[in-house]
2 protein chains.
Amino acid sequence: MVARTDAIFRKLGAYTTLGPQEAAMLETLQGARTFVAAGKELIYEGQQQHAAYILHDGWTCAYKRLRDGARQIVEIEIPGDFIGLRSLLLRNSDQSVVALTNVEVSKINTDRLWEAFRLTPRLIMTLLWAASRDEAMVTEHLVCVGKRDAMARTAHFLLELGARMELIGLGSATTYRCPLSQSIVADAVGITAIHLNRVLRHLRESDLLLFRDGVVTFLDRDRLAQLTDFDFTYMDHLKPG
Amino acid sequence: MVARTDAIFRKLGAYTTLGPQEAAMLETLQGARTFVAAGKELIYEGQQQHAAYILHDGWTCAYKRLRDGARQIVEIEIPGDFIGLRSLLLRNSDQSVVALTNVEVSKINTDRLWEAFRLTPRLIMTLLWAASRDEAMVTEHLVCVGKRDAMARTAHFLLELGARMELIGLGSATTYRCPLSQSIVADAVGITAIHLNRVLRHLRESDLLLFRDGVVTFLDRDRLAQLTDFDFTYMDHLKPG
DNA sequence: ATGAAGCACTAATTTAAGTTAATATCGAAT
DNA sequence: ATTCGATATTAACTTAAATTAGTGCTTCAT
């Protein structure tokens with residue numbers, strides 16, 4: 001039995017309270033916890049078998065690669081997040097997932113998922129809600145990349161990550177540990193690593209935020225939010241209906 | 001009883017065959033068909049009630065607006081598509097949907113949805129699959145906007161729309177009717193309308209495609225696909241698992 | 001200890017896209 | 001008829017970001 005302080009419970013519990021039956025089902029849905037080294041692929045684009053995981057510790061990212069080698073990072077997963085939930089429904093996975101740090105995951109047992117569909121529909125609804133919420137973040141990400149300049153995108157990206165880290169108890173309003181390299185962040189916000197570096201310098205020199213030694217520190221979160229149109233209640237809007 | 005040539009059946013039927021029971025349930029899930037005039041909002045961001053529709057005729061788009069008035073179009077819906085399926089699960093809708101032409105829609109009856117959950121789980125799985133497929137397109141859209149230049153984005157966008165139109169029997173390999181204004185396309189691919197106009201001219205002068213008088217014509221689809229990394233089998237990858 | 005590799009950082013230059021400004025066309029409304 | 005608004009179009013100019021070309025700093029393996 002896993003403690004209810006586990007990130008997945010923190011994440012789901014922020015919106016709905018799972019009954020003991022549902023919590024138990026969530027446990028049985030998972031295989032044994034395994035460790036995966038940084039750099040290893042958990043899911044690759046075009047993969048035939050359906051694999052989905054719950055991320056317990058460490059960070060991963062989902063990305064797509066273009067023929068010319070360029071890579072767009074679609075989302076970053078932090079503890080408590082699901083990995084590859086969507087690929088359960090599609091024939092092939094449409095994106096790759098790689099471990100950005102050493103991670104601890106548990107595989108979702110697909111067979112029992114259909115059983116859960118019958119026995120604990122409320123749990124399934126909660127999972128669907130979590131998937132919807134993640135998709136809403138991808139949409140927000142698209143808006144960012146499509147309509148904001150490099151600085152706003154970067155700040156928005158780091159603010160959102162901070163809000164998510166805070167939600168699972170791994171960050172405060174002013175700081176959180178962020179193991180991403182500048183080139184990962186650049187591929188996520190859709191600019192070059194070199195330009196990201198300039199942007200970070202600009203943010204630093206404007207006393208807005210610091211990103212150094214794997215730590216993000218917000219110096220003026222209000223001004224940042226203003227600057228980037230970030231809505232701190234936006235996570236709340238995504239509560240279950 | 002609606003003919004099986006309806007776009008929604010064409011869309012779902014391209015991947016799975018609905019049994020008579022499931023088809024009947026799909027019918028009862030829908031309210032009466034209604035007409036909505038071009039320019040009317042079907043769903044607005046922050047809306048409290050959950051509304052979802054099936055689009056039978058005409059085009060709509062889902063978009064988000066920034067404080068500065070800029071608008072990012074997240075996806076275009078054509079006949080046979082669902083509208084606002086995700087907002088059924090979240091407390092507030094996270095995006096707006098507007099009719100781009102006069103449209104015909106039917107509202108999805110939420111109450112019966114839970115009934116359908118029990119009685120025709122396979123239909124629900126099909127709907128979830130359709131939702132996943134749409135989300136995969138949003139992801140593809142994000143990659144496009146994040147990592148491709150204006151010409152590749154534009155061509156990719158028009159190729160994808162063409163493939164979707166062909167799928168529901170409203171287009172051929174070389175041409176389809178497209179009622180979008182240049183400024184709508186620009187907001188979708190994340191460039192200014194003026195720059196889109198330049199890009200379209202360039203595509204025209206390169207004998208790649210024409211977009212005139214509400215009609216898109218591909219002059220050299222192979223070269224376009226090559227140029228934009230478009231994968232014609234990509235829709236197939238999204239079949240149900 | 002010593003390269004090699006990866007990451008962070010900077011400056012100079014080029015290019016793609018945005019901005020401003022203006023004209024043309026068409027249909028709808030008065 | 002003609003004024004208005006939306007859409008499409010083009011050119012001139014500006015700006016943001018990419019590209020190219022480096023430097024310095026760790027860490028890690030030999």
Side-chain angles (χ1 to χ4, degrees), chain A residues 37-39 59 66 68-73 98 100-102 144-155 157-158 178-206 209-217 227-228, chain B residues 37-39 59 61 66 68-73 98-102 144-158 178-206 209-216 227-228:
Chain A
W59 293 39
L66 301 189
D68 66 9
R71 168 184 64 172
Q72 174 67 44
I73 291 178
V98 65
L100 295 173
T101 65
N102 293 332
C144 232
V145 170
K147 278 280 134 55
R148 283 187 251 249
D149 67 13
M151 199 182 75
R153 276 187 241 181
T154 304
F157 176 79
L158 294 175
C178 175
L180 305 177
S181 71
Q182 289 190 7
S183 86
I184 295 283
V185 176
D187 279 348
V189 302
I191 61 179
T192 59
I194 292 161
H195 193 54
L196 177 79
N197 188 277
R198 273 195 289 265
V199 166
L200 288 177
R201 187 194 345 165
H202 183 80
L203 287 166
R204 193 186 331 124
E205 288 171 353
S206 311
L209 71 79
L210 301 175
F211 180 17
R212 259 210 298 257
D213 306 320
V215 176
V216 173
T217 311
L227 211 76
T228 67
Chain B
W59 293 39
C61 75
L66 301 188
D68 66 10
R71 167 184 67 170
Q72 174 67 44
I73 291 177
V98 66
L100 296 173
T101 64
N102 293 332
C144 232
V145 171
K147 279 280 135 53
R148 282 188 251 249
D149 67 13
M151 200 182 74
R153 276 187 242 181
T154 305
H156 190 280
F157 176 79
L158 294 175
C178 175
L180 305 177
S181 72
Q182 289 189 6
S183 88
I184 294 284
V185 176
D187 279 349
V189 301
I191 61 179
T192 58
I194 290 160
H195 193 53
L196 177 78
N197 188 276
R198 272 196 290 264
V199 166
L200 288 177
R201 184 188 355 159
H202 182 80
L203 287 167
R204 192 185 331 122
E205 288 172 351
S206 311
L209 70 79
L210 301 175
F211 181 16
R212 258 210 298 257
D213 306 321
V215 176
V216 172
L227 210 76
T228 67

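Scope of the values below: all heavy atoms of this structure, side chains included, with no hydrogens, waters or symmetry mates. Letters go in sequence order (proteins before strands), and every chain restarts at 1. Since the model is a prediction, treat every value here as computed from it, not as a measurement.
Scanning for side-chain contact (heavy atoms from CB on, under 4.5 Å) contacts around A/Ala193 gives A/Ser183, A/Ala186, with sequence neighbours left out. Applying the side-chain contact (heavy atoms from CB on, under 4.5 Å) criterion to B/Leu100, with sequence neighbours excluded, gives B/Trp59, B/Cys61, B/Ile76, B/Val98, B/Leu180, B/Ile184. For the side-chain contact (heavy atoms from CB on, under 4.5 Å) test, residues two or more places apart in sequence or in another chain that qualify with A/Asp68 are A/Leu66, A/Ala70. Under the side-chain contact (heavy atoms from CB on, under 4.5 Å) criterion, A/Thr192 pairs with A/Ile194, A/His195, sequence neighbours left out. Annotation: salt bridge (charged side-chain N to carboxylate O under 4.0 Å, His left out) contacts of B/Arg153 (sequence neighbours excluded): none.
With a 4.5 Å cut-off on side-chain heavy atoms, A/Thr217 and A/Arg212 do not count as touching. Annotation: side chain of A/Val216 is not in contact with side chain of A/Leu210 (no heavy-atom distance under 4.5 Å). Looking at A/Thr228 and A/Phe157, their side chains never come closer than 4.5 Å, going by heavy atoms from C-beta outward.
Legend: salt bridge (Lys or Arg N to Asp or Glu O under 4.0 Å) pairs involving residues 185-206 of chain B, not counting sequence neighbours, sorted by first then second residue: A/Lys147-B/Asp187, B/Arg71-B/Asp187.
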Given protein heavy atoms under 4.0 Å, the one-letter contact record of nucleotides 8-24 of chain D, with B base, S sugar-phosphate only and - none, is simply SBBBB----SBBBB---
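Checking side-chain atoms of A/Gln72 against main-chain N and O of A/Ala188 turns up a donor-acceptor pair under 3.5 Å.
Of all nucleotides in DNA chain C having an atom under 4.0 Å from a heavy atom of chain B, the first and last in 5' to 3' order are C/dA17 to C/dA21.
Between the axis at the start and the axis at the end of the helix from C/dA1-D/dT30 to C/dT30-D/dA1 there is an angle of 30°, using five pairs per end and rounding to 10 degrees.
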